[in-house]
Novice: 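To start, I am sharing the structure in question, which I have written as structure tokens.
Nothing fancy with the numbering, it's 1 onward along the sequence.
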Amino acid sequence: MAECALKIRDISKSFFGIQALREVNLDVREGQTLGLIGENGAGKSTLMNILGGVIALDGGAIRLFGDKYYPACPADATRAGIAFIHQELNLFGNLSIADNLFIDRFPQFRRSPLIDKRSTYNQADVLLSSVDLRLPPQTPVELLTPGEKQLVEIAKAMRRESRIIIFDEPTTSLTAAERSRLFAIIKKLQDQGQTIIYISHTLEDVLRVSDTIAVLRDGCLVSAGPRDEYSVNKMISDMVGRKIEQMYPTRDTCLEAKPLLEVQSLTQPGIVRDITFQLHKKEVLGIFGLMGSGRSELVRIIFGLDPFSAGKIRLNTVNIPKPSPALNIRHALAFVTENRREEGLLMEASVMENLNLLTLGKCSKLGPMGLIDRMKTTKCTQQMSKQLNIKSGPIQKHQAKNLSGGNQQKVVLGKWLLTDPVVLILDEPTRGIDVGAKVEIYRIINQLAEKGTGILYISSELDELMGMCDRILVMSNGRLKAEFQRDDYDQEAILQAAFSASN
């Protein structure tokens with residue numbers, strides 16, 4: 001049997017009186033892959049932050065390859081041979097691949113302080129070859145795809161001779177081909193003796209890459225064992241503590257003829273071309289397409305973040321010749337962006353401050369330019385936090401950056417729901433969210449549609465769109481290629497339309 005690379009005993013941690021981890025015991029075998037799963041807020045990130053030296057444990061002990069391990073800072077974890085491949089990659093876009101690989105220790109000319117560029121590029125070539133990335137090391141990182149950036153992070157971990165590599169939601173921004181390449185790299189790392197901890201909400205991927213699986217729930221380890229003992233249904237049941245009988249809630253569809261949103265011949269050269277569709281009251285309208293199809297670019301144009309050269313947009317019967325976010329918000333259009341950390345939240349601000357970002361004017365004593373009614377803002381945000389089941393400490397103090405990914409997404413959604421939107425645009429609303437939180441968000445979406453909101457729903461998960469939407473529009477190369485009604489959904493036909501080339 002393989003030696004134990006990581007031995008965790010009775011680890012506990014609390015924040016603001018809330019128990020994040022409770023006497024967790026876990027073994028990770030050397031040269032194996034552990035799949036670590038759990039709902040958002042289950043304690044996965046807290047456990048990884050303890051291993052990474054970001055936060056200190058309250059109680060318990062850790063042994064790393066037999067030695068006591070108590071990291072006081074991230075540098076301690078790096079020196080001990082632990083590397084993290086985060087969902088939000090830690091790379092400098094304005095620097096080259098080689099600069100990123102050696103940012104903390106460049107090869108030098110003998111004992112001089114001068115950087116040996118030739119040696120840097122030669123070593124970078126070897127590292128990039130080891131992860132099957134055939135790019136010049138001088139290439140700026142900002143020009144790379146998400147999958148290529150991830151390979152650079154893996155190469156950086158190999159340069160540091162990391163013994164344990166932790167992957168945190170590594171596939172959320174990857175294409176199918178990039179996912180397959182990532183899984184091949186993980187298998188190669190494992191064959192070379194590296195130990196892998198793989199964290200993901202995509203349970204099929206966890207089953208594919210893991211040797212053993214561990215499940216956290218509410219800060220406790222509720223099950224652990226060989227992969228063969230698990231199925232997707234068992235994983236879900238262990239994660240949420242109950243069986244989820246129906247992933248997608250049913251809804252009686254009774255659309256009104258009058259459209260809430262009309263887009264006619266919308267065009268921006270090189271981005272989208274001749275886009276025409278309508279969104280009706282009480283309708284959930286899905287948009288599906290491969291990465292680069294123009295789906296996210298389309299909704300950014302509609303919301304006024306990006307320009308368009310031709311076409312018309314009507315919102316609730318009102319022409320919007322020059323859309324802007326401020327104007328659209330006044331007309332009750334809401335937009336939950338796909339990038340919650342950079343575009344959806346103020347990470348250093350509290351949960352309450354984030355929820356109130358768009359509605360402070362409604363909570364003032366003397367009109368939009370008056371004093372803020374603290375009691376009213378607190379009441380509104382507390383009600384929304386309770387409605388969305390946001391798990392946090394006191395919302396007046398708990399910073400958004402300290403929330404789990406799923407709870408961050410709920411804050412973004414709650415911020416927009418407080419504006420009482422007539423039309424709600426959702427771009428990848430369940431990306432990086434556990435199955436329990438997904439079901440909660442599906443329920444909220446259904447409730448909004450039943451009350452009359454029109455919802456434009458973008459997702460890379462075709463099953464999700466087929467389960468939630470009344471219609472699905474398919475985009476390819478910036479154009480609408482097909483439309484499917486719920487009664488005519490056909491997964492193969494939808495995928496064929498998404499892969500079709502534009503005329």
Novice: Check this for me, if you would: do R134 and D132 make a salt bridge, where the nitrogen-to-carboxylate-oxygen distance has to be below 4.0 angstrom?
Specialist: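 Answer for the salt bridge query: yes.
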Novice: As a test of understanding, state which of T139, L91, L127 forms a side-chain contact (heavy atoms from CB on, under 4.5 Å) with I97.
Specialist: T139
Novice: First locate atom CG of L207, then atom CD1 of I37, and finally report the distance between them rounded to the nearest 0.5 Å.
Specialist: 8.0 Å
Novice: Report, as yes or no, whether the 6.0 Å neighbourhood of atom CD on E461 holds more than 12 heavy atoms from other residues, nucleotides or ligands.
Specialist: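 Open: at most 12 neighbouring heavy atoms sit under 6.0 Å from CD of E461.
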Novice: Any idea which heavy atoms bring S459 and F288 closest together, and the distance?
Specialist: O-CD1, 3.6 Å
Novice: Counting C-beta onward and ignoring hydrogens, is there a side-chain heavy-atom pair between I186 and Q194 closer than 4.5 Å?
Specialist: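 I186 vs Q194: side chains apart.
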Novice: Considering residues, nucleotides and ligands other than Q192, do more than 12 of their heavy atoms fall under 6.0 Å from its CD?
Specialist: yes
Novice: For Y457 and P429, indicate whether the former's side chain and the latter's backbone hold a donor-acceptor pair under 3.5 Å.
Specialist: no
Novice: Between atom NZ of K410 and atom CG of L388, what is the distance when rounded to the nearest 0.5 Å?
Specialist: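 Those atoms lie 7.5 Å apart.
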Novice: Would you compute the distance between atom CG of L101 and atom CE of M158 and round it to the nearest 0.5 angstrom?
Specialist: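 Between L101 CG and M158 CE, I get 11.0 Å after rounding to 0.5 Å.
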Novice: For L26 and L47, work out which heavy atoms get closest and say how close.
Specialist: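 So the minimum-distance heavy-atom pair works out to CD2-CD2, 4.4 Å.
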Novice: Kindly say whether S210 contributes a backbone atom to a donor-acceptor pair with the side chain of R227 at under 3.5 angstrom?
Specialist: yes
Novice: Does CZ belonging to F92 count more than 12 external heavy atoms closer than 6.0 Å?
Specialist: no
Novice: Tell me whether the NZ or CZ atom of R208 lies within the 45° cone about the ring axis of F183 and under 6.0 Å from its centre.
Specialist: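 No, a cation-pi geometry is absent between R208 and F183.
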Novice: Give a yes or no on whether the backbone of I82 and the side-chain of S162 come within a donor-acceptor separation of less than 3.5 Å.
Specialist: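 Such a contact is absent between S162 side chain and I82 backbone.
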Novice: Keeping N407 on the side-chain end and I390 on the backbone end, is there a donor-acceptor pair under 3.5 Å?
Specialist: no
Novice: I need the minimum non-hydrogen distance between L36 and K44, along with the two atoms involved.
Specialist: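 Closest approach of L36 to K44: O-CD, 3.9 Å.
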Novice: Closest approach of G344 and K415, non-hydrogen atoms and distance?
Specialist: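 Nearest heavy atoms, G344 then K415: O-NZ, 2.8 Å.
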Novice: Give me the ring orientation class for F335 and F303: parallel if the planes are under 30° apart, tilted from 30 to 60°, perpendicular past 60°.
Specialist: tilted
Novice: Are the charged groups of D211 and R29 less than 4.0 angstrom apart, N to O?
Specialist: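 Salt bridge flag = no for R29 with D211.
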Novice: Between V284, L285, L279, which is the residue that forms a side-chain contact (heavy atoms from CB on, under 4.5 Å) with R471?
Specialist: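 It is L285, the one option of V284, L285, L279 that forms the side-chain contact (heavy atoms from CB on, under 4.5 Å) with R471.
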